[in-house]
There are 2 protein chains.
Amino acid sequence: MIEIPDKPMTIREAAELTGLTEDTLRYYERIDLLPPAERRPNGHRFYTAEQVQSIVFLMKLKSIGMTLAQMQQFRKLSDEGESTLSERKAIIEACYRQVNEEIEHLRSVQKVLEYKLGRYDELLSNPSPDDKGCDLSTYE
Amino acid sequence: MIEIPDKPMTIREAAELTGLTEDTLRYYERIDLLPPAERRPNGHRFYTAEQVQSIVFLMKLKSIGMTLAQMQQFRKLSDEGESTLSERKAIIEACYRQVNEEIEHLRSVQKVLEYKLGRYDELLSNPSPDDKGCDLSTYE
DNA sequence: CTATTACTTGGAGTAAACTCCAGGTCAAGG
DNA sequence: CCTTGACCTGGAGTTTACTCCAAGTAATAG
């Protein structure tokens with residue numbers, strides 16, 4: 001877990017905490033994925049701890065395969081407040097199920113990889129003049 | 001598991017079996033991800049069961065996050081034969097570990113989603129005039 | 001003989017998500 | 001007063017992975 005200081009942060013600090021670049025933060029604001037950041041008198045953006053946390057959460061959604069457009073949609077629903085609660089809940093539930101499916105998929109591919117590693121070991125311990133059917137064969 | 005007929009197939013059949021489009025199969029050949037397909041006397045491509053299986057396997061690698069460039073590299077090593085066996089094994093081992101990490105990551109995000117779903121239920125059963133801090137707050 | 005269908009090619013266009021840059025502003029340090 | 005550094009804007013360019021298209025060929029059906 002990353003410590004998020006409880007004070008207004010510069011875009012540089014927000015970038016470091018979220019793992020994004022400053023350019024990406026500005027880009028996200030431009031495409032309306034993030035709400036317009038507040039500004040200091042000199043025009044520079046600043047970000048509160050809450051805003052940084054909300055970006056961190058959105059990046060978690062991104063990391064499980066949500067597109068920027070979907071995140072945008074979700075964020076807009078949050079902006080609309082309470083009335084969209086059940087809609088947002090449905091979205092997160094769908095995410096949850098999709099992640100389950102993805103985990104199952106990854107495990108199934110891992111089995112194929114295990115089989116392949118076994119084949120490699122066979123071929124390495126008992127070299128054959130022709131290893132066709134090893135690399136590119138499937139498992140099931 | 002998909003049945004792959006044991007006979008030369010048209011590009012249309014290969015596309016159906018691999019879940020790719022004909023355009024994508026030709027594209028993969030163009031960028032040298034796939035070796036040049038054999039041709040019938042009229043110039044049409046045909047694919048053997050082995051070739052289709054090898055494409056299916058490459059698509060499994062793709063589905064766990066491998067890029068076309070990485071798959072290309074891997075395929076070229078297979079073409080070089082036995083001498084690259086341990087190199088290919090190392091690649092598949094690295095894939096395996098990365099998939100493990102990805103599964104762990106997905107599970108960690110699932111925990112965040114579970115927490116969020118709990119928050120939604122709280123707010124739905126006990127409505128508050130202000131749901132700030134729900135949608136966009138993080139978990140950890 | 002013509003139409004249809006299944007392919008072929010090379011090249012251009014698209015979508016998503018950045019990424020980079022030129023030129024400008026502003027506050028602080030020497 | 002000048003420079004430096006951090007930020008600003010709008011716009012253009014990049015990468016990845018397709019996706020589509022126009023024009024052409026080849027075998028088959030009517």
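Computed from a predicted model, the values in this text were never measured in an experiment. Just so we're on the same page: letters track the sequence lines, and every chain starts at 1.
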Give the rounded distance in Å between these two atoms: CG of B/L25 and C1' of C/dA6. 15 Å

Find the distance A/L33:CG to C/dA16:C1' and express it as a whole number of Å. 13 Å

Which atom pairs, one a donor and one an acceptor, fall under 3.5 Å between side chains of residues 34-44 of chain B and the rest of the protein, sequence neighbours left out?
from: B/R39; atom 1: NH1; to: B/G43; atom 2: O; distance (Å): 2.7
from: B/N42; atom 1: OD1; to: B/H44; atom 2: N; distance (Å): 2.9

Taking only N and O in the side chain of B/R12, is any of them less than 4.0 Å away from OP1 or OP2 of C/dA6? no

Return a single string for nucleotides 17-30 of chain C, one symbol per nucleotide in 5' to 3' order, where B is base contact, S is sugar-phosphate-only contact and - is none, cutoff 4.0 angstrom on heavy atoms. BBBB-----S----

To the nearest angstrom, the CE-C1' distance between B/M9 and C/dC7 comes to 17 Å

Would you mind reading off the distance between A/E29 atom CD and D/dC8 atom P, rounded to a whole angstrom? 8 Å

Name all residues meeting the side-chain contact (heavy atoms from CB on, under 4.5 Å) criterion together with B/Y27; count only those two or more places apart in sequence or in a different chain, and write none if there are none. B/I31, B/L68

Please check the phosphate of C/dA6 (OP1 and OP2 only) for any side-chain N or O of B/T10 closer than 4.0 Å. no

Backbone of B/L77 reached by a side-chain donor or acceptor of B/E80 within 3.5 Å: no

Applying salt bridge (Lys or Arg N to Asp or Glu O under 4.0 Å), name anything that partners A/D32, two or more places apart in sequence or on another chain. A/R75, A/K76

Is the backbone of A/T48 close enough, under 3.5 Å, to the side chain of A/Q51 for a donor and an acceptor to pair up by distance? yes

State plainly whether one hydrophobic cluster holds both B/F46 and B/I11, where clusters connect Ile, Leu, Val, Met, Phe, Trp and Tyr through side-chain heavy atoms under 4.5 angstrom apart. no

Between the main-chain N or O of B/T24 and the side-chain N or O of B/T21, is there a donor-acceptor pair closer than 3.5 Å? yes

Atom pairs under 3.5 Å, N or O on each side, protein against nucleotides 28-30 of chain D: can you list them with distances?
none

Would you mind classifying the nucleic acid contact of B/R40 as base, sugar-phosphate or nothing, using non-hydrogen atoms under 4.0 angstrom? nothing

If only atom types and distance count, is the side chain of A/E13 paired as donor or acceptor with the main-chain N or O of A/T10 below 3.5 Å? yes

How would you list, by chain and number, every residue that makes a side-chain contact (heavy atoms from CB on, under 4.5 Å) with A/Y96, sequence neighbours excluded? A/N100, B/Q110, B/L113, B/E114

B/Y47 OH to C/dC7 P, straight-line distance once rounded to whole Å: 10 Å

Across the strands shown, which category fits B/I11 at heavy-atom distances under 4.0 angstrom: base, sugar-phosphate, nothing? sugar-phosphate

B/L34 has an atom CG; how far is it from atom C1' of D/dC18, in whole Å? 14 Å

